[in-house]
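Accompanying notes for the structure given below.
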Amino acid sequence: TAWIALASVDGLGEHLVPRLAAAFGGAVQVLAAARLLDAARFGTRLRLAAETGLRQDTIEGVRTAGRDPEAVGRRLRELG
């Protein structure tokens, strides 16, 4: 579920999701940090882990996924 939530964030791709997961200790930990850290601290950690520039809306997308990691799964189930 955490991998799906991260992969659904616009601006993250097949190279960044594994890089972020490795830097944070897993996809679940990326989402936990997004939920638990303040916005500025999380943004800094995410940019450092990505080793590249990230748009602010991408960082906000990860924070949104952290608040509700099940959202994508629910939407997929609704669509059948």
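For this chain, numbers begin at 1 and follow the sequence in order.
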At their closest point, which heavy atom of [X] faces which heavy atom of [Y], and how far apart are they?
| X | Y | value |
| --- | --- | --- |
| Gly66 | Pro69 | O-CD, 3.6 Å |
| Ala21 | Ala27 | CB-N, 3.8 Å |
| Ala50 | Leu20 | N-CD2, 3.7 Å |
| Ala65 | Ala5 | CB-O, 4.0 Å |
| Asp10 | Arg55 | OD2-NH2, 3.4 Å |

Would you compute the distance between atom CD of Glu51 and atom NE2 of His15 and round it to the nearest 0.5 angstrom? 13.5 Å
I'd like to know if the side chain of Thr44 and the backbone of Ala40 have a donor-acceptor N/O pair within less than 3.5 Å. yes
Does any part of the side chain of Arg45, heavy atoms only, come nearer than 4.5 Å to the side chain of Leu48, both counted from C-beta? no
Side chains of Phe42 and Val62: closer than 4.5 Å at any heavy-atom pair? yes
If you apply the rule side chain to side chain contact (heavy atoms under 4.5 Å, CB included), what do you find for Gln29 with Leu31, and how did you get there? CA-CA 5 Å; Gln29 289 83 352; Leu31 297 179; over 6 Å; no
Checking side chain to side chain contact (heavy atoms under 4.5 Å, CB included) between Leu16 and each of Leu54, Val9, Thr58, Leu6, which is the one that passes? Leu54
Go through Phe24 and Leu46 one step at a time and tell me if the side chain to side chain contact (heavy atoms under 4.5 Å, CB included) criterion holds. CA-CA 9 Å; Phe24 280 82; Leu46 199 67; 4.0 Å; yes
Quick one: do the Arg67 and Thr64 side chains pair a donor with an acceptor below 3.5 Å? yes
So with a 6.0 Å cut-off around CD of Gln56, is the heavy-atom count from everything else above 12? yes
Please say whether more than 12 non-hydrogen atoms of neighbouring residues, nucleotides or ligands are located less than 6.0 Å from CZ in Arg47. yes
Test salt bridge (charged side-chain N to carboxylate O under 4.0 Å, His left out) applied to Asp68 and Arg75, Arg74, Arg63, the passing residue: Arg74
